[in-house]
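Report on the following structure.
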Amino acid sequence: MSKPTDELFKNVISHAKEYGFVFPSSEIYDGLSAVYDYGQNGTELKNNIKTYWWKAMVQLNENIVGIDSAIFMHPKIWKASGHVDGFSDPMIDNKDSKKRYRADQLLEDKIDRYDKDGQTDKAEQLQIEMDKALKNDDLLRLKELIIAHEIADPISGTRNWTDVRQFNLMFSTQMGAVADDADLVYLRPETAQGIFVNYLNVQKSGRMKIPFGIAQIGKAFRNEVIARQFIIRMREFEQMEMQFFVRPGTQKEWFEHWKTERLKWHLALGTGPEKYRYHEHTKLAHYAESAFDIEYEFPFGFKEVEGIHSRTDFDLSQHQKFSGKKLQYFDPEINQNYVPYVIETSIGLDRMFLLTLINAYQEEDLSTDEKQDSRVLLRLHPCLAPVKAAIFPLTKKDGLPEKARQIMDKLKIDFNLQYEEKDAIGKRYRRQDAIGTPFCITVDHQTLEDNTVTIRYRDTMQQERVPADQLEKIIGDLVSWKNVLSI
RNA sequence: GCGGAAAUAGCUCAGCUGGUAGAGCAUCAGUUUCCCAAACUGAAGGCCGCGGGUUCGAAUCCCGUUUUCCGCUCCA
């Protein structure tokens, strides 16, 4: 625990790779920037986190249902949502000050200055030229204009500019055989819009009454300018989102409701509350009325894990406008039609995964006076552990493996288990510690006599002898979702 | 995208001023012990990130490139 934090983070990344949690994508081809793959244990852990969220949101709330919308969506959706216009700015960097500017804003500033200096001709002409270049997406021309009009960086005062580049956060591709502008589709940069455009479908087919929510887990894609810090910011990532539709005027109380509910969900896993905090946005996004982040203290500082946003009726209204379809709700209680307001909870699955891994990772010193000893373990909540239990025959002979297999075969229908007979028993325990297996079951000679086994607990390293018949119940209780969902 | 650093076995790293790759742990096969790792025997594993250059000869020097990390920047 006293280790320097960046060393801890490094160790977690190494551990994640060594034990099959996370691999760099396309590694044998040198990797692909900011893209990662989940390995055999990582996938199990990630699936368990998804299950925990899905149960907490969809299964336990009668007024929340889940959907799975397509990654490809009608291009107009991103116009309506504001993603297309908000993210196609021509940017230029000054090489000396290392500052980045919007090329069109630099030119606008220059036009203003021309105007002030009474050079209205020049101002007008530049305005026309700029508009033309912007309209044609002529980035080269924009740079020419900046050079020709001798625009200098206000900070460094130099005119040492890079080329003008278009920064569009959305990945695009062509749909259909003909590469035509009309066939341009985007990979969704957020899953939320898939919920908004299905709002009416779900409301009608599910006979949902406001307030109600729609949940979704799915991939989203953002062409980040720079993506770093392992899986904190990836170009392809997974979100777990819920949009909660409420009557206008009640959004404040629902916002508070979900703010507390969501933090409870995090804390139920046993993470220390001091590791979490709320962070209020002061600079709000175009759609938001108010926004809070739930932040977790990573080794490199507090980072957003989940956002709770009050999105007003912005999205539904926009889609109503762009699609021409009414997206309203008739509220029989007040006898009124309205576009619902929306409270969004949006959690980054990959960040949640990393949080879980970092929080669980522990290097423990077990040294005694006689012997130096230590172990690395993942103190994962049993509900989330990739492998629920491991089964070991104490030795490879005397029929112990056969007996262990028998027990294993019965249990593996309900639980993800591992069987191991290689190496000394202590070594096998330690191997399971490293992937966070909460329980190890050992079959020994006594098992053959009275059908009891020992169960060894990861966190305490204590053992207990129990009848083999009861294993299903014992493990079942320990890994039950009740342990986190009924808090 | 800019600046800095790095890249050698699955992991952590060594490899001096250029002379055809090494350790510990991990892995695999076997032996021994049997309830908490590092015991014994053996094995496997590396285009020294990739490409080019200098040289009789490059992991080592130079250039480019990719990836990662740290700052700045970006994150609707």
Side-chain angles (χ1 to χ4, degrees), chain A residues 6-7 9-11 13-20 23-36 39 78 81-89 91-102 160-165 167-170 189-190 192 222-230 232-233 235 281 283-288 291 300 303-304 309 314 348 364 366-368 371-377 392-398 400 422-434 440-446 453-458 460-465:
Chain A
D6 54 333
E7 194 185 324
F9 186 45
K10 263 191 186 165
N11 291 351
I13 295 173
S14 301
H15 192 85
K17 188 182 172 206
E18 193 169 358
Y19 288 93
F23 308 123
S25 167
S26 319
E27 201 189 4
I28 61 169
Y29 289 99
D30 278 341
L32 187 62
S33 183
V35 185
Y36 290 89
W78 306 113
S81 69
H83 284 83
V84 170
D85 295 330
F87 266 89
S88 52
D89 302 329
M91 307 296 281
I92 190 165
D93 292 340
N94 183 271
K95 289 179 187 167
D96 298 310
S97 68
K98 319 254 183 272
K99 293 289 172 196
R100 172 169 297 161
Y101 301 93
R102 278 177 58 174
N160 189 10
W161 297 106
T162 62
D163 286 341
V164 177
R165 284 162 304 217
F167 283 85
N168 196 329
L169 211 57
M170 286 193 290
E190 64 174 24
R222 292 184 196 179
N223 197 4
E224 301 284 354
V225 176
I226 195 77
R228 248 191 257 137
Q229 273 173 326
F230 198 42
I232 279 279
R233 178 164 303 145
R235 299 215 157 92
H281 285 216
K283 216 179 83 189
L284 290 170
H286 61 264
Y287 54 73
F300 37 84
K303 292 272 173 204
E304 176 188 356
H309 301 149
F314 176 84
E364 209 174 61
L366 301 171
S367 298
T368 56
K371 194 174 147 198
Q372 280 238 320
D373 196 6
S374 68
R375 64 169 180 161
V376 174
L377 75 158
F392 310 143
L394 188 58
T395 68
K396 270 188 266 190
K397 24 174 216 214
D398 307 330
L400 294 182
K422 167 121 182 91
D423 292 319
I425 190 81
K427 202 162 183 175
R428 284 179 265 168
Y429 285 149
R430 300 300 172 86
R431 264 203 291 259
Q432 294 298 327
D433 288 341
C440 292
I441 295 153
T442 302
V443 170
D444 56 18
H445 293 94
Q446 197 182 325
V453 296
T454 62
I455 181 162
R456 176 263 194 191
Y457 297 92
R458 175 196 67 200
T460 59
M461 298 171 76
Q462 298 294 310
Q463 287 176 35
E464 208 183 325
R465 183 163 281 277

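Each chain gets a letter, A, B and so on, in the order the sequences are listed, and its residues count up from 1.
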What does nucleotides 27-38 of chain B look like as a protein-contact string, B for base, S for sugar-phosphate only, - for none, at under 4.0 angstrom between heavy atoms?
-> SSS----BBBBB
Nearest heavy-atom neighbours spanning A/Phe314 and A/Ser81 | CE2-O, 3.9 Å
Correct closest heavy-atom pair for A/Ala291 and A/His309 would be CB-CD2, 3.3 Å
Does the side chain of A/Cys440 reach to within under 4.5 Å of the side chain of A/Arg458, using non-hydrogen atoms?
-> no
Side-chain contact test, heavy atoms from C-beta onward, threshold under 4.5 Å: evaluate it for A/Phe300 versus A/Ile232 and give yes or no.
-> yes
Taking any heavy-atom pair under 4.0 Å as a contact, classify [X]: base, sugar-phosphate, or nothing.
{"X": "A/Ala192", "result": "nothing"}
{"X": "A/Tyr29", "result": "nothing"}
{"X": "A/Pro189", "result": "base"}

Show the numbers, then the answer: is there a ring-ring contact (aromatic ring centres under 6.0 Å, His included) between A/Phe23 and A/Tyr36?
-> CA-CA 6 Å; A/Phe23 308 123; A/Tyr36 290 89; over 10 Å; no
Taking atom [atom1] in both [N] and [M], what distance in whole Å separates the two?
{"N": "B/rG71", "M": "B/rG52", "atom1": "P", "value": "35 Å"}
{"N": "B/rA38", "M": "B/rA23", "atom1": "C1'", "value": "15 Å"}
{"N": "B/rG42", "M": "B/rC47", "atom1": "C1'", "value": "28 Å"}
{"N": "B/rA14", "M": "B/rA29", "atom1": "C1'", "value": "29 Å"}
{"N": "B/rC62", "M": "B/rC74", "atom1": "C1'", "value": "34 Å"}
{"N": "B/rU68", "M": "B/rC28", "atom1": "P", "value": "30 Å"}
{"N": "B/rG4", "M": "B/rG18", "atom1": "P", "value": "24 Å"}
{"N": "B/rU60", "M": "B/rG53", "atom1": "P", "value": "14 Å"}

Please set out all donor-acceptor pairs under 3.5 angstrom arising from side-chain atoms of residues 424-434 of chain A, sequence neighbours excluded.
from	atom 1	to	atom 2	distance (Å)
A/Arg428	NE	A/Lys422	O	3.3
A/Arg428	NE	A/Asp423	O	2.9
A/Arg428	NH1	A/Pro393	O	2.9
A/Arg428	NH1	A/Glu420	O	3.0
A/Arg428	NH2	A/Pro393	O	3.4
A/Arg428	NH2	A/Leu394	O	3.3
A/Arg428	NH2	A/Asp423	O	3.1
A/Tyr429	OH	A/Thr442	OG1	2.9
A/Arg430	NH1	A/Asp373	OD1	3.2
A/Arg430	NH1	A/Ser374	O	3.4
A/Arg430	NH2	A/Asp373	OD2	3.1
A/Arg431	NE	A/Glu420	OE2	2.9
A/Arg431	NH1	A/Asp423	OD2	3.0
A/Arg431	NH2	A/Glu420	OE2	3.0
A/Arg431	NH2	A/Lys422	O	3.2
A/Arg431	NH2	A/Asp423	OD2	3.2
A/Gln432	OE1	A/Thr437	OG1	2.6
A/Gln432	NE2	A/Gln418	OE1	3.0
A/Gln432	NE2	A/Glu420	OE1	3.2
A/Asp433	OD1	A/Arg456	NH1	2.8
A/Asp433	OD2	A/Arg375	NH1	2.9
A/Asp433	OD2	A/Arg456	NH2	3.1

State which residues pass side-chain contact (heavy atoms from CB on, under 4.5 Å) with A/Tyr457; sequence neighbours excluded, sorted by chain then number.
-> A/Phe439, A/Ile455, A/Thr460, A/Glu464, A/Leu478
Who passes side-chain contact (heavy atoms from CB on, under 4.5 Å) against A/Arg222, sequence neighbours left out?
->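 Checked A/Arg222 against side-chain contact (heavy atoms from CB on, under 4.5 Å); matches are A/Leu169, A/Pro189, A/Glu190, A/Glu224, A/Phe237, A/Gln239.
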Partners meeting salt bridge (Lys or Arg N to Asp or Glu O under 4.0 Å) with A/Lys17 (sequence neighbours left out) | A/Glu27
For A/His445, all residues meeting ring pair (Phe, Tyr, Trp, His ring centres under 6.0 Å), sequence neighbours excluded =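 Counting only residues at least two positions away or on another chain, A/His445 forms no ring pair (Phe, Tyr, Trp, His ring centres under 6.0 Å).
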Do A/His15 and A/Val376 pass the side-chain contact (heavy atoms from CB on, under 4.5 Å) test, and can you show the C-alpha distance, the side-chain angles, and the key distance before you say yes or no?
-> CA-CA 9 Å; A/His15 192 85; A/Val376 174; 3.5 Å; yes
Strand RNA chain B as a dot-bracket string - pairs counted if Watson-Crick or G-U with both distances under 3.5 Å, | where the partner lies in another strand = (((((((..((((.....[..)))).(((((.......))))).....(((((..]....))))))))))))....
Are the side chain of A/Asp398 and the backbone N or O of A/Leu400 linked by a donor-acceptor pair below 3.5 Å?
->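 No: the side chain of A/Asp398 does not pair with the backbone of A/Leu400.
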Whole-Å distance separating the CD atom of A/Gln432 from the P atom of B/rA26 = 15 Å
For nucleotides 10-15 of chain B, which of its nitrogen or oxygen atoms have a protein nitrogen or oxygen under 3.5 Å away, and what is each distance?
from	atom 1	to	atom 2	distance (Å)
B/rG10	O3'	A/Lys17	NZ	3.4
B/rC11	OP1	A/Lys17	NZ	2.3
B/rC11	O4'	A/Glu18	OE1	3.4
B/rC11	O3'	A/Ser14	OG	3.4
B/rU12	OP1	A/Ser14	OG	2.8

How far does CG of A/Leu377 sit from CD of A/Glu364, to the nearest 0.5 angstrom?
->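 Reported value, rounded in 0.5 Å steps: 5.5 Å.
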Give me, pair by pair, the N or O atoms of the protein and of nucleotides 45-51 of chain B that are less than 3.5 Å apart, along with how far apart they are.
from	atom 1	to	atom 2	distance (Å)
B/rG49	O2'	A/Asp30	OD1	3.1

Show your reasoning for whether side-chain contact (heavy atoms from CB on, under 4.5 Å) applies to A/Leu366 and A/Met461.
-> CA-CA 11 Å; A/Leu366 301 171; A/Met461 298 171 76; 3.8 Å; yes
